[in-house]
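Remember, it's a predicted structure, so these values are computed and weren't measured experimentally. Below, read A as the first sequence line, B as the second, and so on, with proteins coming before strands; counting in each chain starts at 1.
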Amino acid sequence: MELLNQLFVNPFVDMVAAPDFLLQVLWEGLVSGVLYALIALGFVLIFRSSRIFNFAQGIMVVFAALTLVGLYAMGIPAWISVVLTLGVMLMLAVTIERVVLRPLVGQPDIILFMATIGITLFLIGFGELIFGGENKQMITSELGIPTGAFELNPFGGFLLLEQKDITAVIGAVSLVIGLLLFLNKTRMGRAVRALGDDHQAALSVGISLRTIWVLVWFIAGVIALVTGVVWGARAGVSFALEVIAYKALPVLMLGGLESITGAIIGGLAIGILEKLFEIYWGQPIMGGNTETWFAFVLALIVLLFRPQGLFGEKIIERV
Amino acid sequence: MNDMSQDGYVTEDGRQIGGVMMEMKNITLKFGGVVAIEDISFDIREGEIRAIIGPNGAGKSSMLNVISGFYHPQEGEVWFHGTERPAMKPYEVARQGVARTFQNIALFEGMTVLDNVMTGRLTHMKSGLLSQAIWWGKALQEEVKNREVVEKVIDFLEIQSIRKTPVGRLPYGLKKRVELARALAAEPKLLLLDEPMAGMNVEEKEDMSRFILDVNDEFGTTIALIEHDMGVVMDLSDRVVVMDYGKKIGDGTPDEVRNNQDVIDAYLGVAH
Amino acid sequence: MLFRTAGQFKTSYLKDQTLFPVRQDAILLGIILAFAWVIFPLTASEFTFQTLLIPVLVYSLAALGLNILTGYAGQLSLGTGAFMGVGAYACYKMITIFPEMNLLVAVLMSGLFSAFIGVLFGLPSLRIKGFYLAIATLAAQFFLVWLFEKWAWLYNYNASGAIQVPHVEMLGTPVAGPQAASMTQYYFVLVVVTLMTILAINLTRGTQGRIWKATRDMDIAAELIGINLLKSKLTAFAVSSYIVGVSGALFVFLWRGAAEPNLFDIPISFRILFIAIIGGLGSIMGNYMGAILIVALPVVLKTLPETFGIPISSATVEHLNVMVVGALIVFFLIIEPHGLARLWTLIREKFIIWPFPH
């Protein structure tokens with residue numbers, strides 16, 4: 001009875017009792033969700049265009065952030081560092097296409113997946129070798145990101161919105177809009193989508209696979225950089241962040257591997273729900289730190305009932 | 001028309017066909033709004049070679065999938081050996097003695113020919129995990145006993161020389177034959193063949209036809225097959241069901257079907 | 001000339017299905033076993049036991065477990081480390097609750113616990129396939145490690161939150177705990193690994209192996225020829241998790257001596273996965289080859305520059321190691337996606353027909 005109370009009554013009583021705190025929790029969750037969605041988005045882009053389950057997407061976030069901070073530490077001005085980092089991400093895309101993807105073209109999906117795990121390890125080792133393994137400060141103010149905070153007083157309470165979080169949300173939204181415009185309005189963007197719909201057909205109308213792959217991995221790199229900057233501003237930059245990168249995976253389970261909408265909605269949902277669960281159930285009842293697994297278990301349960309994910313179409317099996 | 005009583009009939013070449021083995025009653029199968037099979041009934045008798053023909057998209061493969069339990073029809077009943085078959089998983093259907101081959105070869109590419117054919121014996125194997133783990137007793141006897149059955153099938157289909165070859169390395173025609181071997185190894189009561197001759201050259205088709213007739217002749221196996229090659233179908237089969245757009249438009253001996261106006265229209269088109 | 005197979009005829013199906021249809025393979029294995037059982041233990045130093053011999057055995061056993069699930073039954077798992085943890089904690093609880101318990105029995109029983117948990121997390125595998133399943137196994141990974149940390153009963157409410165292997169004797173000889181000699185521990189591990197390997201070989205070459213491989217190669221066809229997919233997959237999860245659990249118990253009791261929850265976190269899951277990939281998915285032998293490579297690599301990376309007199313810090317070695325392993329994975333996938341075991345098979349085939357390559 002006590003347990004039932006703790007599970008099903010107390011959390012909601014707490015929510016109603018302190019609505020300003022609930023809002024604060026929702027906001028924190030939303031900001032995390034935006035970042036999960038961004039990582040998942042980079043992932044979906046690559047999967048749609050090349051059928052590769054890119055495990056390295058999360059690590060690319062850390063790698064991009066690390067490169068940026070590392071370049072700045074060498075005395076290069078902040079904005080030039082950004083440009084140089086973009087250059088590094090482009091080089092990375094080209095290298096991956098040449099060294100990894102091209103020789104492995106046509107191999108089973110699982111082989112390519114394993115290869116991206118290889119890339120993940122390589123990037124971790126390479127990044128730490130060059131920039132060191134210790135935690136670093138993101139160059140937030142140097143990039144002109146405001147660091148103050150707004151205080152609001154809803155319900156007569158207290159709500160703190162950090163300006164860098166607001167910047168993160170605005171940045172993410174504009175990135176997504178830009179991406180959608182690119183995919184829908186430009187020739188290259190349409191080629192990327194065509195490749196996702198039908199590989200062979202796209203090839204037969206003269207879309208260059210290699211160019212598209214480099215492009216897509218580069219876009220994924222850009223997304224990684226943006227994510228890395230905003231995440232780094234919140235938590236510092238080191239490969240300890242890779243755990244957060246894994247959070248994009250349950251987002252993909254929920255939203256489906258190919259759905260951009262799914263990635264965004266799934267990301268937001270997981271960000272908010274895991275925060276709510278942690279604050280109102282995890283910490284009081286389970287000793288906290290439930291954020292490490294909540295998203296995965298949630299996705300697992302949803303998939304049990306909808307194997308195609310929330311946004312996937314029903315699968316008809318054929319022989 | 002031959003005598004079609006419950007006791008069966010005698011074919012033109014003098015084979016005695018038995019009673020009804022499997023009966024499909026008013027089968028309707030839909031995928032969402034698409035009707036793949038609409039209210040089709042027919043039977044398959046002991047020892048006969050039954051063909052299902054029809055143009056592309058007529059629902060032939062879907063029908064075979066209903067028989068083997070892969071699709072479950074929304075309406076209608078499947079009767080097997082005189083009792084109505086409840087909705088079953090495909091593996092349960094297989095254990096009742098229904099084996100099949102596939103339109104697009106569905107061999108286990110990572111295994112050798114021998115192992116592939118041995119998988120056909122799985123429905124006959126019962127040894128426990130522990131016995132297998134120590135490779136002793138029941139598991140070992142089973143392994144040898146079933147190997148003997150498999151070797152007979154391998155001899156029968158003349159694939160001795162490729163026994164230990166991984167199936168991935170085989171050419172198309174041989175793969176089809178290995179697939180038939182796998183199905184035969186199960187010693188099925190009912191053998192379903194989904195386009196056994198698709199993509200073969202004349203010589204390979206002749207071989208395959210010979211095997212199909214021999215299987216029916218030597219083991220008395222009942223066979224239901226889908227095939228596009230009209231000549232082959234008319235030569236091989238005792239009775240033919242014709243489907244078009246999910247409906248049955250003809251059923252009878254090859255001669256009857258050949259002269260059926262609906263069938264001719266379906267294949268040659270109708271003048272409007 | 002060494003691999004001349006002419007003149008070796010099989011006169012029964014039983015003989016045809018023996019493990020070594022070619023006599024030379026048996027001889028080669030005999031030599032390897034002689035090294036493992038006699039020569040290594042006699043010559044190895046404490047350092048060699050602790051950094052090479054015992055870890056290679058423990059890791060290859062874990063990889064063997066994973067390989068049954070992923071390489072044979074085709075179900076990709078990223079949660080191996082957590083199942084090793086289940087085995088380790090189960091063994092720890094049994095030994096501390098029943099101090100008189102035989103350690104060998106405890107180790108073999110601890111696998112049962114992880115097998116149970118494995119089946120539980122394997123249940124979704126009928127509905128969730130491929131990459132989705134791989135992510136789903138991460139749920140087990142993160143949830144279980146979290147549980148190891150939060151459930152104080154598991155580590156007997158130690159202030160440190162870690163488990164400490166107690167002193168255990170068998171036949172009057174210390175086998176686990178601080179007083180155990182490395183050679184004793186090595187033999188203990190070797191016995192268990194040999195036993196598990198024999199069982200795994202038998203399972204994978206017979207009926208169950210064919211069921212698993214059929215499930216892996218084409219699950220729909222497998223079901224249509226009479227395989228109960230759920231049963232096939234759950235059996236794979238059970239057997240795989242059992243072996244992984246046993247390896248986890250060995251990992252802590254016969255090698256590390258102590259363990260914190262985060263020892264079973266995702267890095268070790270990946271390490272086991274790499275061993276299985278580099279060694280070769282769907283191969284038993286490959287697990288040992290992969291383990292040797294992955295375990296020896298950091299040692300080589302550390303000693304090689306030293307012998308040339310180049311100073312190199314241990315942090316750098318670690319980073320280099322991670323980087324090289326990553327590159328090696330990509331390299332092996334490009335050269336031979338089926339791993340070291342396949343490379344060996346190819347070389348062996350060359351040997352058999354040598355010196356007439358056509």
Side-chain angles (χ1 to χ4, degrees), chain B residues 65 68-70 89-102 104-111 114-116 118-136 139-148 150-151 163-164 167-168 179 182-183 185-186 192, chain C residues 10 12-19 21 68 71-74 115 126 195-232 234-236 238-239 242-243 280-283 337-338 342 345:
Chain B
N65 283 334
S68 56
F70 188 64
K89 296 263 185 191
Y91 70 87
E92 294 171 313
V93 174
R95 285 172 192 184
Q96 285 195 336
V98 179
R100 65 171 292 173
T101 66
F102 301 84
N104 305 309
I105 298 169
L107 285 170
F108 307 121
E109 297 270 327
M111 298 156 78
L114 181 63
D115 274 339
N116 264 280
M118 282 292 275
T119 60
R121 296 297 300 166
L122 287 175
T123 49
H124 298 260
M125 296 202 173
K126 286 169 192 66
S127 68
L129 208 59
L130 222 55
S131 170
Q132 291 180 38
I134 55 175
W135 199 251
W136 197 262
L140 200 57
Q141 290 165 16
E142 237 182 32
E143 186 79 17
V144 175
K145 210 177 72 201
N146 286 295
R147 175 76 188 271
E148 280 163 15
V150 163
E151 286 294 337
R163 206 186 265 126
K164 299 266 169 101
V167 291
E179 218 191 11
R182 183 178 67 188
L192 307 173
Chain C
K10 304 294 171 297
S12 75
Y13 294 137
L14 198 57
K15 281 195 181 138
D16 192 40
Q17 267 154 300
T18 51
L19 274 183
I68 285 187
Y72 285 92
L126 193 70
L195 181 72
M196 290 291 140
T197 308
I198 294 171
L199 298 184
I201 289 174
N202 285 339
L203 274 185
T204 49
R205 69 173 160 155
T207 309
Q208 191 60 51
R210 286 190 282 265
I211 290 177
W212 283 335
K213 286 185 239 171
T215 310
R216 170 195 70 190
D217 286 350
M218 196 170 265
D219 56 348
I220 293 175
E223 194 175 19
L224 282 162
I225 64 160
I227 291 173
N228 181 342
L229 284 184
L230 183 62
K231 201 175 151 198
S232 162
L234 288 189
T235 319
V239 173
Y242 177 83
I243 297 177
L281 289 174
S283 149
H338 300 284
R342 176 65 65 88
T345 315

Item to check | CA sep, side-chain torsions, deciding dist, call: Asn228(C), Arg95(B), side chain to side chain contact (heavy atoms under 4.5 Å, CB included) | outcome: CA-CA 10 Å; Asn228(C) 181 342; Arg95(B) 285 172 192 184; 4.1 Å; yes
Checklist entry - Just how far is it from atom CD1 of Ile225(C) to atom OG of Ser68(B), taken to the nearest 0.5 Å? => result 12.5 Å
Item to check | Region of Leu192(B) that comes under 4.5 Å of a non-hydrogen atom in chain C | outcome: neither
Checklist entry - If you count heavy-atom pairs under 4.5 Å between each of Ala214(C), Ala200(C), Gly206(C) and chain B, which one has the most? => result Ala214(C)
Checklist entry - Can you name the residues that form a side-chain contact (heavy atoms from CB on, under 4.5 Å) with Glu92(B), not counting sequence neighbours? => result Met88(B), Lys89(B)
Checklist entry - Between Gly120(B), Pro90(B), Ala94(B), Gly110(B), which shows the greatest number of heavy-atom pairs under 4.5 Å with chain C? => result Pro90(B)
Next on the checklist: Just verifying a value: how many Å separate Met111(B) CE and Lys213(C) NZ, rounded to the nearest 0.5 Å?
Outcome noted: 5.5 Å
Checklist entry - Considering only heavy atoms, which portion of Ile198(C) lies under 4.5 Å from any heavy atom of chain B: side chain, backbone, both, or neither? => result backbone
Checklist entry - For Arg121(B), which residues count as a side chain to side chain donor-acceptor pair (under 3.5 Å) partner, sequence neighbours excluded? => result Asn146(B), Glu187(B)
Checklist outcome for this item: dist Ile220(C):CD1 -> Phe70(B):CZ (nearest 0.5 Å) comes out at 4.5 Å
Item to check | Atom pair CG/CG of Leu129(B) and Asn202(C) - distance to nearest 0.5 Å | outcome: 11.0 Å
Next on the checklist: To the closest 0.5 Å, what do you measure between CG (Asp217(C)) and OG1 (Thr119(B))?
Outcome noted: 10.0 Å
Item to check | Residue, of Gln132(B), Met125(B), Arg182(B), that accumulates the most heavy atom pairs under 4.5 Å with chain C | outcome: Gln132(B)
Checklist entry - Considering only heavy atoms, which portion of Glu148(B) lies under 4.5 Å from any heavy atom of chain C: side chain, backbone, both, or neither? => result both
Checklist entry - How far does CZ of Phe108(B) sit from CE of Met218(C), to the nearest 0.5 angstrom? => result 8.0 Å
Next on the checklist: Assess whether a salt bridge exists between Glu143(B) and Arg205(C), defined as any Lys/Arg side-chain N lying under 4.0 Å from an Asp/Glu carboxylate O.
Outcome noted: no
Checklist entry - Under a 4.5 Å heavy-atom cut-off, does chain C meet the side chain of Thr123(B), its backbone, both or neither? => result side chain
Checklist entry - Where on Leu122(B) is there a heavy atom nearer than 4.5 Å to chain C: the side chain, the backbone, both, or neither? => result side chain
Next on the checklist: Given heavy-atom pairs under 4.5 angstrom as the criterion, report whether the side chain, backbone, both or neither of Thr235(C) touches chain B.
Outcome noted: side chain
Checklist entry - Heavy-atom distance under 4.5 Å to chain C: side chain of Leu130(B), backbone, both or neither? => result neither
